[in-house]
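To keep things clear, I will list the structure first and then write my remarks on it.
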Amino acid sequence: MAELKLTGARKSFANIDVLHGIDLAVKDGEFVVFVGPSGCGKSTLLRVIAGLENVTSGEVLIDGERVTHLPASERGLAMVFQSYALYPHMSVAKNMAFALENMGLKPAEIQARVARAAAMLRLTDYLDRKPKALSGGQRQRVAIGRAIVRDPKIFLFDEPLSNLDAELRVATRKELAALHAKLGGTMIYVTHDQVEAMTLADRIVVLNAGRIEQVGTPLELYNRPSNAFVAGFIGSPRMNFLPAVVTSDDGTLRLTVGERELELPRTASGLVAGARVTLGIRPEHIDVASDTGMLGATVDLVEQLGGEAFIYASAPGLPQITLRQDGQSQFHRGDAIAIRFAADHLHIFDATTGAALARP
Ligand SMILES: Nc1ncnc2c1ncn2[C@@H]1O[C@H](COP(=O)(O)OP(=O)(O)OP(=O)(O)O)[C@@H](O)[C@H]1O
Ligand SMILES: [Mg+2]
């Protein structure tokens, strides 16, 4: 198993710059997840690590050794793709053994590795089947098995679960977490599903338009996002962003939000009267008060999920606000509510750059 380092990794296709200089260190045994919107460069970054694409400039190091110009076959990594493309005419065992046969391993060694991987992935009873006689989840496990038998230095996964239905995704996600605990290998995993990122990652790398926005543990990113992009990407439903103007910041921060004046017993970093900021507050950090809240709002929609409810409400001069209630909501469309932000969970971002100015 191995550690990985990228320094100033840039990638351009013709005149399109896709990666703008990525610096990243992944520790031995770490499970790192790349997240970001479609087209931000997640797959390209993974392919650069795998050696399926060459960097335009910068370096790739595995265990301190420069592999920047080594082909994929010489990097000792294994990649699992979204479209797992098993060989349809080969049995499960043969699908897993194939690469090892090409590497010239002895039959006894191959059989031992396949048996071990199959046991780990609960595929032992399916070794003689062809892929078409397997469920989607079983096929995806075979694809993972093909990577495991090669005993790679680093596992690379590119959205391996996105072809599975919701239930199977959750089950396979848990299996992957268990597999990482068992194998202890270095794993790099691409997804645009922030729940997968939160649940699997030791650390998450948030990418946006070919740049790293922030790297941190799931809870670091949730609790202390360094900018509005990360804040909006991590957490579901998404954080609310409300435009506000600072009126004073002298031990107490006073802001105009919509048609209301809010007073917060805290300061931000040197804000002056007139500064335009964005308040960030997660749906789970807003309370509904039936009496006096910070803002008056009208309920647009209630989504009852049984164990929790989401309320979408409008307040004058502000974008629609999402709030989460534990259990079942007693509110209905058209109800007047008063909402209160948990001030110690309020984020303040620069309205122009999105940089965090004050965090909980
Ligand atoms: N071979 C290529 N030639 C030109 N442009 C490319 C090539 N491969 C990728 N790109 C461009 O690079 C950008 C990043 O693509 P990439 O596949 O890395 O995104 P992604 O983050 O994996 O997106 P998704 O979540 O949709 O899979 C996109 O704008 C894409 O069009
Ligand atoms: Mg991709």
Side-chain angles (χ1 to χ4, degrees), residues 4-24 26 31-60 67-73 75 77-85 136 139-140 143-144 146-147 152 154-166 168-169 172-173 176 186-201 203-216 218 221 225 227-236 238 354:
L4 168 81
K5 198 166 178 190
L6 294 164
T7 55
R10 290 176 176 275
K11 178 69 186 172
S12 310
F13 293 105
N15 54 356
I16 309 162
D17 298 333
V18 173
L19 301 175
H20 299 271
I22 301 287
D23 295 304
L24 179 70
V26 176
F31 199 131
V32 166
V33 176
F34 296 167
V35 288
S38 186
C40 71
K42 303 180 295 292
S43 295
T44 304
L45 185 55
L46 203 66
R47 292 170 62 80
V48 156
I49 294 167
L52 297 169
E53 301 283 359
N54 273 317
V55 285
T56 307
S57 62
E59 302 288 354
V60 183
V67 300
T68 314
H69 298 292
L70 277 189
S73 57
R75 294 194 187 187
L77 315 182
M79 190 148 167
V80 180
F81 297 94
Q82 173 181 355
S83 54
Y84 26 81
R139 280 180 216 167
Q140 190 54 277
I144 295 168
R146 281 199 304 203
I154 302 176
F155 287 89
L156 306 173
F157 296 97
D158 195 352
E159 309 221 24
L161 309 187
S162 50
N163 281 338
L164 306 180
D165 68 39
L168 205 48
R169 254 183 112 117
T172 316
R173 185 176 87 207
L176 265 175
T186 310
M187 297 189 175
I188 302 178
Y189 187 101
V190 167
T191 181
H192 53 242
D193 180 327
Q194 60 99 18
V195 176
E196 264 172 33
M198 292 296 282
T199 53
L200 287 171
R203 283 191 306 154
I204 297 175
V205 177
V206 181
L207 289 164
N208 180 25
R211 290 192 170 81
I212 293 180
E213 293 279 354
Q214 192 173 358
V215 182
L221 298 193
N227 57 51
F229 181 86
V230 174
F233 204 82
I234 301 289
S236 175
R238 190 167 185 266

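Everything numeric here is computed off the predicted structure, so don't read it as measured data. Remember, it's 1-based here, ligands and their atoms both numbered in the order they're listed.
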Checklist entry - Between R75 and T68, is there a donor-acceptor pair closer than 3.5 Å when you use the side chain of the first and the backbone of the second? => result yes
Item to check | Within-cut-off N or O pair, C40 and ligand 1, under 3.5 Å | outcome: yes
Item to check | Side-chain donor-acceptor pair present, Q214, N227, cut-off under 3.5 Å | outcome: no
Item to check | Region of V18 that comes within reach of ligand 1 [heavy atoms, distance under 4.0 Å] | outcome: side chain
Item to check | Derivation of the salt bridge (charged side-chain N to carboxylate O under 4.0 Å, His left out) call for K5 and E59 | outcome: CA-CA 8 Å; K5 198 166 178 190; E59 302 288 354; over 6 Å; no
Checklist entry - Relative to ligand 1, is K42 under 4.0 angstrom through side chain, backbone, both or neither, heavy atoms considered? => result both
Checklist entry - For ligand 1, which atoms have a heavy atom of H192 less than 4.0 angstrom away? => result 25 (O)
Checklist outcome for this item: Among A14, S162, S12, G39, closest by heavy atom to atom 19 (O) of ligand 1 is G39
Checklist outcome for this item: From the list D193, T199, T191, side-chain hydrogen bond (donor to acceptor under 3.5 Å, both in side chains) with R173 holds only for T199
Checklist outcome for this item: Taking every heavy atom of Y189 against every heavy atom of P160, the minimum-distance pair comes out as CE1-CG, 3.4 Å
Checklist entry - Is there at least one pair of N or O atoms, one from F13 and one from ligand 1, spaced under 3.5 Å apart? => result no
Checklist entry - Is the Mg ion (ligand 2) under 2.8 Å from any N, O or S atom of S43? => result yes
Checklist entry - For E53, is the nearest heavy atom under 4.0 Å from an atom of ligand 1? => result no
Next on the checklist: More than 12 heavy atoms of other residues, nucleotides or ligands under 6.0 Å from NE2 of H20: yes or no?
Outcome noted: yes
Checklist entry - Do you see a donor-acceptor pair shorter than 3.5 Å between the side chains of T7 and D23? => result no
Next on the checklist: Any protein heavy atom at under 4.0 Å, with atom 30 (C) of ligand 1 as the reference point?
Outcome noted: no
Next on the checklist: To check you understand the geometry: which heavy-atom pair defines the closest contact between L77 and A50, and what is its length?
Outcome noted: CD1-CA, 4.0 Å
Checklist outcome for this item: In this structure, atom 15 (O) of ligand 1 is nearest to the protein heavy atom T44 OG1, 3.7 Å
Checklist entry - So between G36, S38, S43, G41, whose heavy atom ends up nearest atom 17 (O) of ligand 1? => result S43
